[in-house]
Amino acid sequence: MPSPAPIMTTQTLTPAQLKLCATYRNLGLWTLQGWLAMFFVAAGYAKLTEPMDNLIALMSWPAMASDGFVRGLGALEVGLALALLTPLISWRIGRPVLLAAAAGLAMLEVVMTGVHAIGGEWDLAAVNLVLLAMTGAVLWGRRPSA
């Protein structure tokens with residue numbers, strides 16, 4: 001005996017269910033923002049404080065850049081990382097800062113993916129692609145129409 005055709009239904013979420021979904025979404029975005037901030041504070045701090053010989057041993061590109069450029073990039077990374085967390089102070093003021101910081105980090109990640117790929121550092125290029133996906137999710141989830 002053939003089974004009956006599946007019944008297609010639509011379900012409307014209750015206001016409580018919608019609020020719960022928004023809470024989980026917000027929690028997920030804050031988690032991504034925290035991970036990105038921790039990563040870039042650590043990466044920037046390393047560029048600011050480690051001797052150039054150590055940085056060159058970890059990555060090939062600092063050998064082709066000036067000491068000031070590497071240190072400046074580290075300061076930029078720390079600044080953008082901290083800007084990801086500005087909505088903790090004030091959502092109204094912090095949201096545009098967060099979006100600008102996330103856009104800046106996304107551009108940096110795209111450039112560094114290319115730099116690492118050209119240098120044959122595929123593992124570091126892959127890390128930048130993962131970071132780019134995380135940053136993209138934050139940008140998408142925190143956009144003004146969200």
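Under the 4.5 Å side-chain contact rule for hydrophobic residues, M52 and L73 share a cluster. Following chains of ILVMFWY side-chain contacts shorter than 4.5 Å, one can reach V130 starting from L80, so the two form part of one hydrophobic cluster. No single ILVMFWY cluster, assembled from side-chain heavy atoms under 4.5 Å apart, contains both L124 and V110. V111 and L108 fall within the same hydrophobic cluster, where Ile, Leu, Val, Met, Phe, Trp and Tyr residues are linked whenever their side-chain heavy atoms come under 4.5 Å apart, directly or through other members. Each of M112 and L48 belongs to its own hydrophobic cluster when Ile, Leu, Val, Met, Phe, Trp and Tyr are linked at side-chain heavy-atom distances under 4.5 angstrom.
From L131, atom CG reaches atom CH2 of W35 across 12.0 Å, with rounding to the nearest 0.5 Å. Taking CG from L18 and CZ from R25, the interatomic distance works out to 12.0 Å, rounded to the nearest 0.5 Å. Separation of atoms OG1 (T86) and CZ (R95) is listed at 11.5 Å; rounding is to 0.5 Å. Residue N128 holds its CG atom at 5.0 Å from NE2 of H116, rounded to the nearest 0.5 Å. One distance of note links CG of L76 with NZ of K47; it measures 10.0 Å at 0.5 Å rounding.
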(request) Would you check, one step at a time, whether the test side-chain contact (heavy atoms from CB on, under 4.5 Å) holds for L36 with T135? (result) CA-CA 8 Å; L36 286 166; T135 305; 3.6 Å; yes
(request) Begin from the C-alpha positions of F40 and E109 and carry the test side-chain contact (heavy atoms from CB on, under 4.5 Å) through to its verdict. (result) CA-CA 11 Å; F40 282 103; E109 292 157 1; 3.3 Å; yes
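Contact record, A137 with L32: CB-CD1, 3.8 Å, taken as the closest heavy-atom pair. For the pair A101 and A83, the tightest heavy-atom approach, listed with the atom from each and the gap, is CB-CB, 3.5 Å.
Other cluster members for L139: L99, joined by side-chain heavy-atom distances under 4.5 Å among Ile, Leu, Val, Met, Phe, Trp and Tyr. With side-chain heavy atoms closer than 4.5 Å counting as contact, directly or through intermediates, the hydrophobic cluster containing L20 also holds Y24.
Contact of the L84 side chain with the L105 side chain is registered, since non-hydrogen atoms from C-beta on lie closer than 4.5 Å. No side-chain heavy atom of L98 sits less than 4.5 Å from a side-chain heavy atom of L85. At least one side-chain heavy atom of V70 sits under 4.5 Å from a side-chain heavy atom of L55.
Partners of L82 under the side-chain contact (heavy atoms from CB on, under 4.5 Å) rule, at least two apart in sequence or in another chain, are V41, V78. Contacts of T14 classified as side-chain hydrogen bond (donor to acceptor under 3.5 Å, both in side chains), with partners at least two apart in sequence or in another chain: Q17.
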Donor-acceptor pairs under 3.5 angstrom involving side-chain atoms of residues 58-66: please list them, not counting sequence neighbours.
residue : atom : partner : partner atom : Å
S60     : OG   : E121    : OE2          : 3.2
S66     : OG   : F69     : N            : 3.1

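Listed by first and then second residue, the salt bridge (Lys or Arg N to Asp or Glu O under 4.0 Å) pairs that reach into residues 63-76 are D67-R71, sequence neighbours excluded.
Remark: R142 fails to qualify as a cation-pi partner of W140 under the 6.0 Å distance and 45° angle criteria applied to the six-membered ring.
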